[in-house]
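Read through the structure below, which is laid out as structure tokens, and then see the notes.
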Protein chains: 2
Amino acid sequence: MRWEDLDQEACSVARTLSVVGDRWTLLILRECFLGTRRFEAFESRLGIARHVLADRLKKLHEAGVLDRVAYQERPKREEYRLSERGRDLYPVMVTLAQWGDKHMAGPEGVPLLRIHDTCGHVTVGELICSDCGEPLHARDVHVEAGPGAVTL
Amino acid sequence: MRWEDLDQEACSVARTLSVVGDRWTLLILRECFLGTRRFEAFESRLGIARHVLADRLKKLHEAGVLDRVAYQERPKREEYRLSERGRDLYPVMVTLAQWGDKHMAGPEGVPLLRIHDTCGHVTVGELICSDCGEPLHARDVHVEAGPGAVTL
DNA sequence: TTGACAGGTTCTCTTATGGAACCCACTTTC
DNA sequence: GAAAGTGGGTTCCATAAGAGAACCTGTCAA
């Protein structure tokens with residue numbers, strides 16, 4: 001399969017990965033969630049090649065994940081901010097970070113703690129069933145064809 | 001930054017992506033969660049080049065995400081199954097799928113529904129704070145240095 | 001003894017990435 | 001008013017990764 005055909009797959013994971021599934025995109029979005037907004041800042045914080053960064057920011061903007069917001073005129077300068085669509089990727093970030101916290105942290109502990117301002121405590125995101133509120137585990141979930149399923 | 005240095009970053013997102021952050025790995029893991037176990041099955045379901053598949057399965061095994069389980073001797077044949085570590089990636093899969101469901105599904109609807117066997121209903125995973133139980137949104141969370149933070 | 005099967009490896013060609021240099025529209029400083 | 005700085009790119013080249021096809025290796029069955 002070619003990478004460009006990925007958004008045609010009848011699978012939401014594949015379709016999401018067609019937007020965020022390359023080497024750099026999720027790291028760029030991590031920076032966005034940490035507050036980074038400008039080209040130079042992304043470059044220096046990530047150590048990414050400039051043309052790759054320019055390409056990814058362009059694609060994320062075209063995908064509606066990042067908005068370009070002018071922060072000065074003359075010379076015109078724009079910064080990149082998460083759109084609503086982009087902020088919706090937050091659960092992906094948190095679950096990725098938590099897997100790393102659990103399985104990739106060294107003996108010295110996790111690099112970053114997430115504090116939930118609402119309650120003031122260190123938080124670990126927990127995935128629960130929207131219907132019954134119980135934790136959602138792979139072994140308790142099966143899939144069925146949805147309305148957009150491809151009938152082969 | 002070179003891709004090989006990614007697991008050295010003081011960031012759990014980066015460290016997780018050093019394991020699952022390339023083009024194919026998360027799609028291979030999607031198949032694992034859907035029940036695919038054998039080389040040929042991954043190949044035909046994903047349309048991935050064979051040498052790339054062999055390389056990714058090897059790396060996932062080395063990373064402890066997939067176990068190799070013999071299912072016959074003579075000729076020796078092994079299949080790939082999610083380890084505990086691998087099953088811990090389920091929240092990442094669900095959140096990726098849900099972003100796709102919300103933002104990438106066509107007018108015909110989502111391709112797959114997830115049914116929570118515990119309650120019997122179609123489920124949408126919801127990320128809540130482990131401490132207070134409220135939904136976890138990016139705007140309500142800030143980060144602080146953890147014990148494994150790098151002090152620059 | 002020829003095929004088939006599962007699971008790879010090897011080959012060549014195309015595409016993507018890393019790293020450095022260069023460009024452009026301004027503004028600030030000398 | 002010329003030189004240097006700033007932010008955000010683009011261009012060029014060498015290396016690395018991917019796609020696609022062919023080939024290899026045990027083993028069994030016809």
Side-chain angles (χ1 to χ4, degrees), chain A residues 1-9 14 17-29 31-32 35-63 66-81, chain B residues 1-9 14 17-29 31-32 35-63 66-81:
Chain A
M1 180 172 40
R2 311 297 303 280
W3 193 248
E4 305 87 63
D5 307 331
L6 203 56
D7 57 343
Q8 304 303 317
E9 290 276 298
L17 292 176
S18 75
V19 177
V20 303
D22 82 293
R23 270 154 117 113
W24 283 109
T25 304
L26 284 166
L27 288 172
I28 291 171
L29 290 171
E31 285 305 315
C32 293
T36 302
R37 293 178 171 177
R38 300 196 187 168
F39 192 93
E40 295 282 314
F42 286 109
E43 191 206 354
S44 65
R45 293 182 54 97
L46 291 172
I48 182 176
R50 296 172 71 87
H51 63 298
V52 176
L53 176 59
D55 179 72
R56 292 309 178 281
L57 290 172
K58 181 160 164 275
K59 284 181 176 154
L60 284 170
H61 179 233
E62 286 166 2
L66 296 181
D67 291 330
R68 298 179 61 131
V69 180
Y71 66 90
Q72 71 173 37
E73 301 293 331
R74 323 192 35 175
K76 183 157 189 169
R77 293 277 182 268
E78 293 178 315
E79 58 185 18
Y80 297 88
R81 295 198 200 179
Chain B
M1 180 171 44
R2 312 294 305 282
W3 192 247
E4 306 88 61
D5 307 332
L6 202 57
D7 58 344
Q8 304 304 317
E9 290 277 298
L17 292 177
S18 75
V19 177
V20 303
D22 81 292
R23 273 156 117 110
W24 282 108
T25 302
L26 284 166
L27 289 173
I28 291 171
L29 290 171
E31 285 304 316
C32 292
T36 302
R37 294 177 172 177
R38 299 196 186 167
F39 191 94
E40 294 283 313
F42 286 108
E43 191 206 354
S44 65
R45 291 183 55 97
L46 290 171
I48 181 176
R50 295 173 72 87
H51 64 300
V52 177
L53 175 59
D55 179 74
R56 293 308 177 281
L57 290 172
K58 180 160 164 279
K59 284 181 176 152
L60 285 170
H61 178 234
E62 286 166 3
L66 295 181
D67 292 331
R68 297 179 62 130
V69 180
Y71 65 90
Q72 72 173 36
E73 300 294 329
R74 325 184 35 137
K76 184 158 188 171
R77 291 278 182 269
E78 292 178 317
E79 59 185 18
Y80 297 87
R81 296 198 200 178

TODO: For B:Glu78, report the nucleic acid contact type (base, sugar-phosphate, nothing); a contact means any heavy atom under 4.0 Å.
DONE: sugar-phosphate
Task: B:Asp22 with B:Arg56: basic N within carboxylate O range, under 4.0 Å - done: yes
- [ ] Supply the atom-to-atom distance A:Leu27 CG to B:Glu9 CD, rounded to the nearest 0.5 angstrom.
- [x] 7.5 Å
Open item on the list: List the residues meeting side-chain contact (heavy atoms from CB on, under 4.5 Å) with B:Ser18, not counting sequence neighbours, and say none if there are none.
Closed with: A:Met104, B:Leu6, B:Asp7
Task: A:Leu53 CG - C:dG18 P separation (whole Å) - done: 11 Å
Task: Ion pair check, B:Arg50 and B:Glu40, cut-off under 4.0 Å - done: yes
Show me the protein contacts with nucleotides 14-16 of chain C, counting only N or O atoms at under 3.5 Å.
none

TODO: Find out whether B:Ile48 and B:Ile28 are in side-chain contact, i.e. whether some heavy atom of one side chain is under 4.5 Å from a heavy atom of the other.
DONE: yes
- [ ] Counting heavy atoms from C-beta on, name the nucleotide in C:dG18, C:dG7, C:dG8 closest to the side chain of B:Ala54.
- [x] C:dG8
- [ ] Might you point out which heavy atoms bring A:Leu57 and A:Tyr80 nearest each other, and give the distance in Å?
- [x] CD1-CE1, 3.6 Å
Set out, line by line, the N/O atom pairs under 3.5 Å between protein and nucleotides 28-30 of chain C.
none

Task: Non-hydrogen atoms of B:Val19 and B:Ala63 that approach each other most closely - done: CG1-CB, 3.9 Å
Task: Point-to-point distance, once rounded to the nearest 0.5 Å, from CD of B:Glu31 to OG of B:Ser44 - done: 8.5 Å
Open item on the list: If you compare every side-chain N and O of B:Tyr80 against the phosphate oxygens of C:dA6 (OP1, OP2), does one of them come in below 4.0 Å?
Closed with: no
Open item on the list: Distance to the ring centre below 6.0 angstrom and angle to the axis at most 45 degrees; does that hold for B:Arg37 and B:Tyr71?
Closed with: no
TODO: Round to a whole Å and report the spacing from CZ of A:Phe42 to P of C:dG18.
DONE: 17 Å
Task: Length of the CD-C1' vector between B:Glu43 and C:dC5, whole Å - done: 13 Å
Open item on the list: Rounding to an integer number of Å, can you tell me how far B:Asp5 CG sits from C:dT17 C1'?
Closed with: 14 Å
Open item on the list: Heavy atoms from C-beta onward define the side chain here; which of C:dC11, C:dA21, C:dG18 lies closest to that of A:Arg50?
Closed with: C:dA21
TODO: With a 4.0 Å heavy-atom cut-off, tell me which residues in residues 67-77 of chain B come close to DNA chain D, sorted by residue number.
DONE: B:Arg74, B:Pro75, B:Arg77
Task: DNA chain D: 5'-proximal contact among A:Asp55 and A:Trp3 (nearest heavy atom) - done: A:Asp55
Task: Considering all heavy atoms, the nearest A:Cys32-A:Phe42 contact - done: SG-CZ, 3.6 Å
Task: Side-chain heavy atoms of B:Thr36 within contact of B:Leu46, under 4.5 Å - done: no
Task: Heavy-atom pair with the smallest gap, counting every atom of A:Leu66 and A:His61 - done: O-CD2, 3.1 Å
- [ ] Not counting sequence neighbours, which residues clear salt bridge (charged side-chain N to carboxylate O under 4.0 Å, His left out) with A:Glu78? List them please.
- [x] A:Arg68
TODO: Could you list where the contact with chain B starts and ends along DNA chain D, reading 5' to 3', using a 4.0 Å heavy-atom cut-off?
DONE: D:dG18 to D:dC28
- [ ] Please report the shortest heavy-atom distance between B:Glu43 and B:Leu53, naming the atom on each side.
- [x] N-CD2, 3.7 Å
